[in-house]
Amino acid sequence: MTNEALQNLISSWIPELEFTEEKSQFLNITVQPEQLHQLMTQLKSNPDTNFDYLYCLSGVDWGKELGVVYHLESTTHRHQIVVKVKTEDRENPTFDTVCNIWYTAEFHEREVFDFFGIQFNNHPNLKRLFLTEEWDGFPLRKDYVDEINMVIK
Amino acid sequence: MGSEAIIVFLLAGIVLVAGANFLSNLISPKSDNSQKREPYESGMTTIGPTWVQFKVGYYLYAILFLVFDVEVAFLIPWAVVFKEIGMVAFVEIIIFLVILGLGLAYAWKKGALKWE
Amino acid sequence: MGVNNTSEIPADFPGKVIPGGNGANILVTSLDDIINWGRANSLWSLYFGTSCCAIEMMQTGAARHDYSRFGFEVARPSPRQADLIIIAGTIVNKMAPVLRRLYDQMAEPKYVIAMGACAISGGPFFYNSYSVVKGADHVIPVDVYVPGCPPRPEALLEGMLMLQAKIKTESMKNKVFPIDGFDEGL
Amino acid sequence: MDTTITNNFKTEEYQINMGPQHPATHGVLRLLLTIDGEIIKRVEPDLGYIHRSIEKMCERDSYQQIVHLTDRMDYLSSHINNEAVCLTVENALQLEIPERVKVIRTIIAELTRIASHTLWWGVMGMDVGALTTYFYGFRDREMINDIFEETCGARLTMNYNIPGGLMFDIHPNFVKRTKEFIAHFKTKLPEYDLLLSNNVIFRKRMEGIGILTKEDAISFGASGPVGRASGYSCDVRKHHSYSAYDKVKFNEVLKTEGDTYARYQVRVLEMWESLSIIEQLIDNIPEGDFFAKTNAVIKLPEGEFYQKVETARGELGVYIVSTGTKNPYRMKFRSPGFSNLSLLNHIAVGGKIGDLVATMATLDLVIPDIDR
């Protein structure tokens with residue numbers, strides 16, 4: 001399905017979604033954290049969209065707000081979209097988990113928690129994946145400072 | 001005449017084993033540290049108590065292997081003198097093998113070799 | 001080859017040569033030579049490849065470059081039966097205590113080759129990386145450094161031969177354990 | 001009432017580290033095994049023992065420097081990783097790449113795939129107990145290393161690609177040596193089947209364990225040979241073709257059983273496909289210069305760019321968020337090994353420890369590619 005058809009179909013489910021296409025190769029959807037889980041389940045279960053392959057889940061620190069970017073692809077229709085979700089709250093950013101929709105999200109979300117400190121509620125086993133338990137701070141945030149290990153150039 | 005040979009072999013065995021141990025202890029540098037006594041588990045410390053009751057299947061496998069290992073140990077001297085003794089030795093060894101085979105069959109049927 | 005351990009006195013040596021010790025070391029030196037010869041030519045390395053250098057170490061172990069020509073015949077998975085750690089790859093903060101524990105669990109005499117730029121000084125991950133230990137000698141004392149990223153199999157073989165030459169100069173009496181005083185930073 | 005001897009005693013589950021330093025983990029991956037005797041109850045990977053924070057470094061490096069880092073991520077398909085970053089940058093800048101570069105990149109990518117699969121095959125045999133395969137696999141890999149050494153200058157971390165084309169042109173006898181290799185390898189590949197594939201012990205150990213269904217493969221994001229062995233057609237060269245893959249005729253190897261032996265067969269058959277791809281391209285490398293003009297300091301336009309590439313392990317994705325400066329604002333690598341590892345617990349539970357070793361060998365994990 002082309003981007004326009006996708007856009008009309010998806011906007012019919014949840015009204016207040018922002019769709020943009022410039023500055024990216026795919027259709028970008030920015031969703032509010034509350035409707036994230038509902039949108040994702042529909043994207044997967046609806047036969048016309050059938051996004052059953054979440055191939056990239058990456059955390060991004062957009063300067064003021066922290067966000068997660070989901071790259072989705074359908075193995076049957078071969079079309080792709082990007083779903084973005086952002087939150088201003090840097091102390092305790094939380095989103096709904098999507099690992100009951102796609103199993104691969106369980107590890108990816110643990111990685112995002114490890115590097116950005118974003119909590120995912122009702123995630124089965126949310127703890128640090130790469131760094132040791134007593135590592136303080138979240139390294140991939142823009143305001144992360146670590147004089148001992150990092151030699152800045 | 002045969003008894004001296006046994007003593008000579010016995011002595012040679014003891015001397016070699018004790019000598020090798022003593023010499024290596026004498027020459028090798030010794031160092032000790034806190035981690036050396038720890039059990040090696042691919043670079044990590046063990047988790048939880050290691051003195052735990054695990055499956056008895058391991059023990060049964062070991063015993064069955066031991067039985068057949070000793071059996072081969074008996075076969076070797078037999079094979080040396082097999083030619084001179086002739087038919088009697090052959091029958092004896094067949095009885096010996098059948099008895100051990102029965103043991104294995106019993107263990108097999110009772111499920112000692114099953115892992116699930 | 002690097003370390004010159006031949007003991008004959010050069011011709012233009014000024015002054016008289018006084019033999020060391022009270023002659024007892026005639027036996028000891030020859031015993032030393034035998035022991036060092038035995039140790040140097042049967043170093044068993046430990047399976048310790050963390051990243052890309054491990055592939056070059058495997059190529060050195062394979063048929064074409066074949067380090068078993070020099071006595072490194074077997075690579076043992078457990079530190080109890082290994083004499084030599086070839087640190088092939090980057091050492092990361094989370095891996096440092098594991099490396100230290102493996103080194104401690106190895107039986108004496110034990111030697112260490114730091115293979116590749118990462119093991120020597122953190123290599124390409126020196127700048128801007130929060131998790132890399134800048135060189136394996138922060139963790140354990142290293143005998144031979146093999147530069148390169150990854151070093152060619154021939155370079156690793158050269159490093160191994162240098163280690164063998166270094167072992168041949170050791171003597172049983174004044175054997176110094178490199179680990180003593182290492183933590184205090186001597 | 002189960003009369004077998006072994007069930008009368010109460011046994012406790014306990015945990016064992018299949019830890020960072022282990023011959024079967026191909027690097028420094030730590031698996032926390034909860035086992036009852038030989039039966040595995042749970043496998044929990046603990047990563048980070050080779051996490052070198054490449055994504056943090058990328059935020060301070062220019063694009064030419066980032067290409068060096070991707071070599072060290074999945075070092076067995078280092079050329080294809082470089083190609084991924086270079087393609088992302090070239091597509092972002094809408095650079096016009098000469099045909100010659102595309103064809104040479106595809107040939108060297110397929111040579112890298114064969115080199116990676118021969119190493120995997122050698123170590124696969126060693127994991128399952130057949131030591132001779134190690135020397136057979138490395139013998140053929142050494143021939144490819146010689147070709148790379150002559151053309152790219154290095155054996156393992158080639159970084160022959162730079163954003164805009166190739167570092168230098170191919171060596172005069174690159175074509176001759178590649179043809180020699182193809183002729184040699186075509187006689188040796190059947191030897192691989194003779195040595196390992198039809199060995200009764202090997203097949204008995206591999207068939208029927210670590211079964212992955214197609215839906216689970218898609219849901220776990222399994223890509224590359226791991227996904228294709230379960231019937232899930234996920235070849236990026238087919239669906240989102242890049243470089244010269246659209247001009248080449250090759251079929252995607254698909255199996256449906258999804259067990260360990262199927263994953264093994266997919267990789268061995270894939271080597272035949274790579275050979276045929278190289279044969280189709282090696283004779284008609286188009287003339288032209290090997291470098292498209294780019295200015296020294298590459299500045300990507302504002303926006304997000306994503307590029308998928310098929311490495312020897314699966315689908316590598318490069319996601320760049322750029323704000324127009326000379327280094328990326330955020331760079332994320334979607335690593336194939338990471339998703340392939342996440343399904344280990346799903347397929348290994350219930351099997352024995354020996355089966356776990358065989359299953360992990362066919363997942364073909366490269367740990368720095370997982371930890372980044």
Side-chain angles (χ1 to χ4, degrees), chain A residues 20-26 28 44 50-63 67 69 71 73-76 78 80 82 84 99-112 114-116 125 127-133 135 139-142 144 146 149-150 152-153, chain D residues 44-53 55-57 59-61 91-92 214-223 227 232-234 236 239-240 301-308 314-315 317-319 321-323 329-336 338-343 345-346 370-372:
Chain A
T20 62
E21 239 176 89
E22 32 89 16
K23 287 204 285 192
S24 167
Q25 303 131 306
F26 316 115
N28 284 18
K44 170 137 202 250
N50 186 6
F51 285 105
D52 51 0
Y53 181 32
L54 163 69
Y55 57 88
C56 185
L57 187 152
S58 28
V60 183
D61 179 352
W62 300 97
V69 180
H71 283 73
E73 184 190 359
S74 158
T75 52
T76 47
R78 284 295 158 200
Q80 303 170 42
V82 172
K84 288 207 184 89
C99 76
N100 38 26
I101 308 167
W102 298 284
Y103 295 148
T104 185
E106 187 191 342
F107 266 63
H108 280 89
E109 278 170 357
R110 274 181 68 183
E111 179 194 353
V112 169
D114 199 351
F115 291 144
F116 290 91
N125 140 30
K127 52 183 172 48
R128 283 196 182 265
L129 186 62
F130 290 112
L131 303 171
T132 50
E133 294 308 323
W135 189 281
L140 276 186
R141 285 194 185 187
K142 290 297 174 192
Y144 176 77
D146 175 358
N149 296 331
M150 283 250 305
I152 310 288
K153 182 165 86 61
Chain D
E44 205 218 326
D46 171 15
L47 305 171
Y49 286 92
I50 189 77
H51 169 60
R52 303 179 280 200
S53 64
E55 282 165 9
K56 183 78 177 177
M57 293 174 73
E59 283 162 14
R60 280 200 174 75
D61 284 353
N91 296 347
K214 181 176 177 188
E215 295 71 30
D216 288 347
I218 298 173
S219 179
F220 271 109
S223 56
Y232 158 44
S233 143
C234 59
V236 181
H239 300 302
H240 314 278
E302 185 97 14
E304 294 164 18
F305 311 99
Y306 195 94
Q307 172 66 37
K308 280 192 191 179
E315 177 194 308
V318 178
Y319 171 53
V321 176
S322 155
T323 53
Y329 181 76
R330 161 78 162 122
M331 188 152 189
K332 157 97 170 144
F333 296 98
R334 188 265 180 199
S335 110
F338 191 67
S339 305
N340 290 351
L341 174 72
S342 62
L343 53 89
N345 184 34
H346 182 68
I370 296 171
D371 284 358
R372 288 183 303 280

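Lettering of chains follows the sequences in order, A, B, ..., and the numbering in each one begins at 1.
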- Item | Donor-acceptor pair, side chain of A:K142 and main chain of D:Y329, under 3.5 angstrom | yes
- Task: Check each atom of A:I152 against the heavy atoms of chain D and say whether the ones under 4.5 Å are side chain, backbone, both or neither.
- Result: side chain
- Task: For the residue pair A:Y103 and D:F220, categorise the inter-ring angle as parallel (less than 30°), tilted (30 to 60°) or perpendicular (more than 60°).
- Result: tilted
- Could you state the interatomic distance from CG (D:L47) to CD (A:E111), rounded to the nearest 0.5 Å? 9.5 Å
- Decide yes or no for D:K332 and A:V60: does some side-chain heavy atom of the first lie under 4.5 Å from some side-chain heavy atom of the second? no
- Look up atom OH in D:Y306 and atom OH in A:Y55, then write down how far apart they are to the nearest 0.5 Å. 5.5 Å
- Message: At a 4.5 Å cut-off on heavy atoms, which part of D:K56 comes close to chain A: side chain, backbone, both, or neither?
- Response: both
- Message: As an exercise: rank A:G59, A:S24, A:A105 by heavy-atom pairs under 4.5 Å with chain D and give me the winner.
- Response: A:G59
- Pick from A:H71, A:E22, A:K44, A:E106 with the largest number of heavy-atom pairs that fall under 4.5 Å of chain D: A:H71
- Does the side chain of A:V69 come within less than 4.5 Å of D:Y319's, by heavy atoms? yes
- For D:Y49, is it the side chain, the backbone, both, or neither that has a heavy atom closer than 4.5 Å to a heavy atom of chain A? neither
- Between atom OG1 of A:T132 and atom CG of D:D46, what is the distance when rounded to the nearest 0.5 Å? 10.0 Å
- Which atoms of D:E215 come close to chain A, meaning under 4.5 Å heavy atom to heavy atom: side chain ones, backbone ones, both, or neither? neither
- Which bit of A:N125 comes within less than 4.5 Å of chain D, counting heavy atoms only: side chain, backbone, both or neither? side chain
- Note on the structure: Pair count under 4.5 Å, heavy atoms only, with chain A: among D:A92, D:S339, D:S219, D:S53, highest is D:S219
- Residue pair A:F107 / D:P45, side-chain heavy-atom distance below 4.5 Å: yes
- Item | D:H240 side chain reached by A:Q80 side chain, heavy atoms, under 4.5 Å | yes
- With sequence neighbours left out, write down each residue that passes salt bridge (charged side-chain N to carboxylate O under 4.0 Å, His left out) with D:R334, or none if nothing qualifies. none
- Message: Is there a side-chain contact (heavy atoms from CB on, under 4.5 Å) between A:F26 and D:E304? Walk through the geometry before answering.
- Response: CA-CA 10 Å; A:F26 316 115; D:E304 294 164 18; over 6 Å; no
- Who are the salt bridge (charged side-chain N to carboxylate O under 4.0 Å, His left out) partners of A:R78, not counting sequence neighbours? A:E73
- Straight-line distance of A:Y53 OH to D:S223 OG, nearest 0.5 Å: 5.0 Å
- Query: Quick one: what part of A:L131 sits under 4.5 Å from any heavy atom of chain D, side chain, backbone, both or neither?
  - Reply: side chain
- Message: Which atoms of A:R110 are under 4.5 Å from chain D, going by heavy atoms: the side chain, the backbone, both sets, or neither?
- Response: side chain
- Residue part contacting chain D, namely of A:S58, when any heavy atom lies under 4.5 Å: both
